[in-house]
Amino acid sequence: MIEFGHSTHVGLRREHNEDTYYADSELGLWLVADGMGGHENGEVASALARDTLVREIKAGELLARAIQMADEEIIKHSNRRPQALPMGTTIAAVRVQGNDYEIAWVGDSRVYCVEGGRFRQLSQDHSYVRELVEQGAISAEQARTHPHRNVVTQALGVTDPQSLRVETVTGTLAPGSQLLLCSDGLTEEVDDADIAGVLARSDLSAQECVDHLILAALDGGGSDNVTVILLRSQ
């Protein structure tokens, strides 16, 4: 049994919400997609990613392959459009079957988990600053305020299908464990310790935790669209 909450907000500085998400316990699929490309391009790209994943998972496709197909779909759609503006999207998705889960991602939308009271990030950003951190050029703390922290090195619709790296992690959902999916509109404004603090509150439902996190992102400045999904294993 999974309890889940979900919400998205345009933020305080954007006119369009280029994020989209999907939450379906019957299909066992939850995802967050953060579109990019400005105007309606980002909205179209994130919606195409969502719709492709839902369609392919319903047809029995594997999660990583469904994400590759979404990349191909967005590129195809982009090539048919008269203007040559780039359109792309990040994706962070979780598939739950029984007690087992698989997460997969491209870009810098994140998946965190809470197991045995321990909070940690499961996904690793496909971003320029993550590469700098791994090279030892900057610290994780410096990465939080780096001027190029929003530059992603992989995105659906932008990365050639031959070069696309869909990363996956598998695990088991023990009773009381939690999975959090979010766009960078949350992690830009709220640090990990504060996110962990909200998820540690047993007096809040999953939806109330999500609402608290969205409000925290808005209180932090709301510089981007923000989307949050929280799954709790009962």
Side-chain angles (χ1 to χ4, degrees), residues 4-24 29-55 66-67 69-94 105-111 123 125-129 144-159 164 180-190 195 207 210-230:
F4 63 96
H6 50 85
S7 190
T8 188
H9 195 287
V10 70
L12 303 177
R13 300 187 205 168
R14 300 285 176 99
E15 288 182 17
H16 295 275
N17 193 343
E18 296 182 281
D19 285 4
T20 191
Y21 71 90
Y22 184 79
D24 185 343
L29 177 68
W30 291 262
L31 68 88
V32 168
D34 180 355
M36 58 192 81
H39 198 46
E40 63 184 34
N41 285 346
E43 293 171 56
V44 171
S46 59
L48 275 170
R50 176 198 64 209
D51 294 348
T52 304
L53 251 72
V54 172
R55 182 184 73 230
I67 290 175
M69 292 167 87
D71 185 42
E72 294 161 13
E73 195 80 30
I74 296 165
I75 290 171
K76 241 190 300 186
H77 185 87
S78 195
N79 290 340
R80 287 200 299 263
R81 290 162 74 98
Q83 79 272 44
L85 287 169
M87 57 191 293
T89 185
T90 69
I91 188 97
V94 60
W105 72 93
V106 174
D108 62 356
S109 289
R110 291 181 179 175
V111 184
S123 61
D125 299 350
H126 295 138
S127 69
Y128 174 63
V129 294
R144 278 194 60 77
T145 54
H146 195 281
H148 300 307
R149 64 188 177 279
N150 298 121
V151 176
V152 294
T153 54
Q154 296 259 321
L156 303 186
V158 179
T159 304
L164 188 72
L180 176 78
L181 293 81
C182 63
S183 63
D184 68 346
L186 177 68
T187 51
E188 268 287 295
E189 309 291 9
V190 187
I195 295 172
Q207 186 61 53
V210 166
D211 295 342
H212 272 66
L213 291 171
I214 298 270
L215 284 172
L218 298 178
D219 286 346
S223 61
D224 199 356
N225 311 145
V226 53
T227 303
V228 181
I229 300 176
L230 179 63

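It should be emphasised that the depicted structure is a prediction, and the values quoted were computed from it without experimental measurement. For reference, positions follow the sequence shown, starting with 1.
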>> To the nearest 0.5 Å, what is the distance between CD1 on Ile214 and SG on Cys182?
In response: 9.5 Å

> When Ser109 is tested against each of Thr90, Asp184, Thr227, Thr187 for side-chain hydrogen bond (donor to acceptor under 3.5 Å, both in side chains), which residue passes?
Replying inline: Thr90

> Are the side chains of Thr8 and Asn225 in touch, meaning some heavy atoms are under 4.5 Å apart?
Replying inline: no

> By side chain to side chain contact (heavy atoms under 4.5 Å, CB included), which residues pair with Ala216, not counting sequence neighbours?
Replying inline: Val190

> Shortest non-hydrogen contact from Thr89 to Ala49?
Replying inline: CG2-CB, 3.8 Å

>> Which residues pass the salt bridge (charged side-chain N to carboxylate O under 4.0 Å, His left out) test with Asp125, not counting sequence neighbours?
In response: Arg110

> Side chains of Tyr21 and Asp19: donor-acceptor distance under 3.5 Å anywhere?
Replying inline: no

>> According to side-chain hydrogen bond (donor to acceptor under 3.5 Å, both in side chains), does anything in residues 210-219 pair up with another residue at least two apart or in another chain? List the pairs.
In response: Gln207-Asp211

>> Using the salt bridge (charged side-chain N to carboxylate O under 4.0 Å, His left out) criterion, which residues pair with Asp224? Sequence neighbours excluded.
In response: Arg14

> At what distance, to the nearest 0.5 angstrom, does CD1 of Ile91 lie from CG of Leu156?
Replying inline: 6.0 Å

> With sequence neighbours left out, what residues match Glu189 under salt bridge (charged side-chain N to carboxylate O under 4.0 Å, His left out)?
Replying inline: none

> If you round to the nearest 0.5 Å, how far is CG of Leu180 from CD1 of Ile195?
Replying inline: 6.5 Å

> Roughly how far, to the nearest 0.5 Å, is the CE atom of Met69 from the OG1 atom of Thr52?
Replying inline: 8.0 Å

>> What I'd like to find out is whether the side chain of Trp30 reaches to under 4.5 Å of the side chain of His6, using heavy atoms alone.
In response: no

> Taking atom CD1 of Ile75 and atom CE of Met87, what is their separation to the nearest 0.5 Å?
Replying inline: 10.5 Å

> Going by heavy atoms in the side chains, are Ile67 and Leu53 under 4.5 Å from each other?
Replying inline: yes

> Hey, what do you get for CG (Leu213) to NE2 (His9), rounding to the nearest 0.5 Å?
Replying inline: 14.0 Å

> Just by distance, with hydrogens left out, do Asp108 and Ser127 show a side-chain donor and acceptor under 3.5 Å apart?
Replying inline: no

> How far apart are the closest heavy atoms of Ala92 and Leu181, and which atoms are they?
Replying inline: O-CD2, 3.3 Å

> Got a sec, which residues hit salt bridge (charged side-chain N to carboxylate O under 4.0 Å, His left out) with Arg50, two or more places apart in sequence or on another chain?
Replying inline: none

>> Run Val152 and Met36 through side chain to side chain contact (heavy atoms under 4.5 Å, CB included) and show every step you take.
In response: CA-CA 11 Å; Val152 294; Met36 58 192 81; 4.1 Å; yes

